Every structure is written in C-alpha cells, then in structure tokens.
Amino acid sequence: MGFWLILIVCIFCFVLLFIVKHLFGSNGLITLGIGGIVGSNVYHIIDYPITDGNFIFGIDSVIYTLFLSCVILLVLENQTKIAYLLMYSGIGAVLFNAVLQFCASWGSTGIESGVIYGLLSNFLSAFATFVAVFLILKLPQKLQQKNWNKYLIFILCVLLASLINSLIYYGGLAVFEGGFDASFGWTLLSSYIGKILSIAVAVVLWLISNSIYKKKSLNKEKKQEENSIEKTKTEKESK
C-alpha cells in the first residue's frame with residue numbers, strides 16, 4: 001500500500017495546488033508552500049516511515065516537492081520577489097516550529113538526545129532549504145531567456161533544488177550521527193521515487209489545468225465577441 005498511498009497523496013496535493021493557484025493566485029501558493037515545507041519537517045520519513053517491501057517511503061518527499069513547486073511556479077510567472085518571500089517565510093515557519101517542538105518535548109520528556117537531535121535536524125533542514133532555493137531561484141529566468149520549455153524548466157529546477165537540499169541535509173546528519181545506517185540507501189531511493197513521482201504528477205496536472213483554463217478563456221472570448229456582434233446588429237436595426 002505504501003507506493004499507492006504516496007501516489008494518492010501526490011494527486012491530492014497537486015490537484016489542490018492548481019485549484020488554489022487558479023482561485024487565489026500568489027497568495028494561495030504562499031499559503032500552500034508554507035504548509036508544505038513545515039509539514040515536510042513534521043511528517044518526516046524518519047519519524048513516519050511507510051514501508052513497502054524494501055522501500056521506505058514518506059509523505060515528506062511529496063509535500064517538500066509541493067513547496068518547491070510553489071516557489072518555481074512563482075518565478076516562472078515573473079513573481080520572483082514573492083518567491084523569495086515564500087522561501088523566507090517558509091524557513092522562518094520551520095525554525096519557529098522547531099523551537100516550539102523543542103520546548104514541548106523538553107517539558108514532556110526532559111532534555112534527551114532525541115529532543116536535541118530533532119532541533120538540530122530542523123535547523124539543518126532550514127539551512128539546506130535556504131541554500132538549495134537561493135541557488136536555484138535565478139535559473140528559471142535565465143532558461144526562459146534561452147527559450148526553454150517552461151515544463152522542462154520546472155522539472156529541472158525542482159530536481160536540482162531537491163538534490164542540493166538532500167546533499168546538505170543528509171550529509172549534515174551523517175556528520176552528526178557518524179555515518180549512515182544500513183537502511184539509508186533504501187530510504188534515499190524511496191524518497192526520490194516519491195519526489196520524481198510528485199514532479200510527474202505536477203506536470204501532468206499542470207498541462208491539464210492549462211488546457212482547461214485556456215479552453216474556458218477561449219469560450220469566454222468567443223461569447224464576448226458574439227455578444228458584441230449582436231449588440232452592433234441591434235444598434236444598426238434601431239437606427
């Protein structure tokens with residue numbers, strides 16, 4: 001059920017993304033993006049593993065990709081300042097949540113290694129996100145100037161940001177823990193299956209969304225044109 005559950009979460013998240021994008025624009029993307037980055041640190045694959053044979057999935061791979069998708073979509077729509085705002089707001093929300101989680105755990109169980117580990121993990125995640133997004137944010141515009149297809153730009157930028165984030169985050173954890181455990185390879189592979197699946201679902205739904213709204217726009221324009229012609233005829237007849 002693990003893989004199919006991840007697929008269901010993918011479809012739900014990215015259907016929601018394009019509905020929110022259409023209804024609320026950049027404000028909706030900011031809200032959903034912040035929810036994605038905070039949720040990816042709460043529902044992490046290490047704390048909430050979803051096993052399917054040797055694979056160890058986590059919904060964090062989906063909802064972190066959701067956050068990156070919101071950022072890249074904003075840049076592709078020439079809203080780079082808002083994309084930066086989303087990045088900083090998301091990172092701030094992660095750090096704020098990390099401190100609250102640390103205080104709650106401290107009050108509940110005392111200062112234990114797991115409590116300190118959780119705080120460091122969240123701070124490392126925030127730093128990894130900052131570096132990954134900061135390095136990638138200018139790339140979409142440069143590729144657009146070279147007439148790259150916007151869907152290819154989206155795929156490339158989300159993948160690159162994910163890879164940079166993983167290198168810093170998992171590399172930092174390895175240094176802190178003194179190496180990787182035996183299941184790390186399967187965990188990382190499963191995470192990227194979830195991320196690639198998320199990107200694929202996002203692109204398919206984006207294509208469908210654009211097709212639907214383009215058709216609606218054309219129908220609206222056609223109706224307005226017909227109304228204009230009818231109005232002109234009526235005015236002529238009245239004269």
Side-chain angles (χ1 to χ4, degrees), residues 9-10 12-45 47-48 58-105 118-142 144 150 153-154 156-170 172 191 194-195 198-199 202 205-206 209:
V9 173
C10 277
F12 169 74
C13 285
F14 288 98
V15 165
L16 183 61
L17 169 63
F18 292 109
I19 290 174
V20 164
K21 179 177 179 292
H22 175 68
L23 294 177
F24 306 107
S26 59
N27 289 333
L29 292 179
I30 289 173
T31 302
L32 202 59
I34 291 173
I37 189 173
V38 173
S40 67
N41 281 271
V42 174
Y43 307 111
H44 198 274
I45 192 170
D47 298 319
Y48 295 92
I59 67 168
D60 61 319
S61 62
V62 177
I63 52 182
Y64 189 75
T65 306
L66 177 67
F67 160 72
L68 291 176
S69 299
C70 291
V71 172
I72 300 303
L73 284 173
L74 285 169
V75 178
L76 288 173
E77 294 188 349
N78 298 315
Q79 299 188 71
T80 305
K81 288 183 179 179
I82 299 177
Y84 276 108
L85 175 64
L86 171 53
M87 177 187 74
Y88 290 124
S89 299
I91 291 171
V94 168
L95 294 175
F96 180 65
N97 183 70
V99 173
L100 292 180
Q101 187 180 28
F102 173 76
C103 292
S105 300
L119 182 65
L120 291 175
S121 175
N122 278 297
F123 271 80
L124 181 59
S125 174
F127 174 71
T129 293
F130 170 75
V131 174
V133 177
F134 188 81
L135 290 176
I136 293 301
L137 264 182
K138 293 183 180 178
L139 183 60
Q141 290 180 329
K142 291 181 179 179
Q144 279 182 312
K150 64 180 178 180
I153 295 173
F154 175 83
L156 177 65
C157 290
V158 174
L159 271 177
L160 281 176
S162 295
L163 286 168
I164 294 168
N165 176 75
S166 295
L167 284 171
I168 296 172
Y169 178 70
Y170 287 112
S191 176
K195 289 175 181 178
S198 298
I199 293 170
L205 290 174
W206 189 10
S209 172

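Heads up: numbering here begins at 1 and tracks the sequence. Worth saying up front: this structure is predicted, and the values here are computed from it rather than measured.
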Distance in Å, [X] [atom1] paired with [Y] [atom2], rounded so as to fall on 0.5 Å steps:
{"X": "Cys157", "Y": "Lys150", "atom1": "SG", "atom2": "NZ", "answer": "14.5 Å"}
{"X": "Leu120", "Y": "Ser125", "atom1": "CG", "atom2": "OG", "answer": "12.5 Å"}
{"X": "Leu139", "Y": "Leu156", "atom1": "CG", "atom2": "CG", "answer": "6.0 Å"}
{"X": "Phe18", "Y": "Leu23", "atom1": "CZ", "atom2": "CG", "answer": "13.5 Å"}
{"X": "Leu135", "Y": "Ile164", "atom1": "CG", "atom2": "CD1", "answer": "5.0 Å"}
{"X": "Tyr170", "Y": "Asn165", "atom1": "OH", "atom2": "CG", "answer": "8.5 Å"}

Which heavy atom of [X] sits nearest to which heavy atom of [Y], and what is that distance?
{"X": "Leu86", "Y": "Val71", "result": "CD2-CG2, 3.6 Å"}
{"X": "Leu66", "Y": "Cys13", "result": "CD1-O, 3.9 Å"}
{"X": "Leu124", "Y": "Ile168", "result": "CD1-O, 4.1 Å"}
{"X": "Ser89", "Y": "Ile34", "result": "CB-CD1, 3.7 Å"}
{"X": "Tyr48", "Y": "Val42", "result": "CE1-O, 3.3 Å"}
{"X": "Leu137", "Y": "Ala83", "result": "CD2-CB, 3.9 Å"}

So do [Y] and [X] actually touch side chain to side chain, heavy atoms under 4.5 Å?
{"X": "Leu73", "Y": "Trp206", "answer": "yes"}
{"X": "Leu76", "Y": "Ile153", "answer": "yes"}
{"X": "Tyr43", "Y": "Val62", "answer": "no"}
{"X": "Thr31", "Y": "Val20", "answer": "no"}
{"X": "Phe14", "Y": "Thr65", "answer": "yes"}
{"X": "Ser61", "Y": "Ile45", "answer": "no"}
{"X": "Ser121", "Y": "Tyr169", "answer": "yes"}
{"X": "Leu74", "Y": "Ser26", "answer": "yes"}

I would like to know whether Val94 and Thr129 meet side chain to side chain contact (heavy atoms under 4.5 Å, CB included); could you show each step before the answer?
-> CA-CA 10 Å; Val94 168; Thr129 293; over 6 Å; no
Check for a donor-acceptor pair, side chain of Ser166 on one end and backbone N or O of Ser162 on the other, with a separation under 3.5 Å.
-> yes
Would a distance-only check, ignoring hydrogens and angles, find a side-chain to backbone donor-acceptor pair under 3.5 Å from Asn122 to Gly118?
-> yes
Enclosure of Phe102 CZ (heavy-atom neighbours >12, cutoff 6.0 Å) =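 For Phe102, atom CZ is crowded (more than 12 foreign heavy atoms under 6.0 Å).
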Ring centers of Phe67, Tyr64 separated by less than 6.0 Å =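 For Phe67 and Tyr64, the ring centres are under 6.0 Å apart.
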Looking at Asn27, Ile63, Leu17, which hits side chain to side chain contact (heavy atoms under 4.5 Å, CB included) with Leu32?
-> Leu17
What salt bridge (Lys or Arg N to Asp or Glu O under 4.0 Å) pairs are there with at least one residue in residues 68-91, not counting sequence neighbours?
->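 Passing the test, one end in residues 68-91: Lys21-Glu77.
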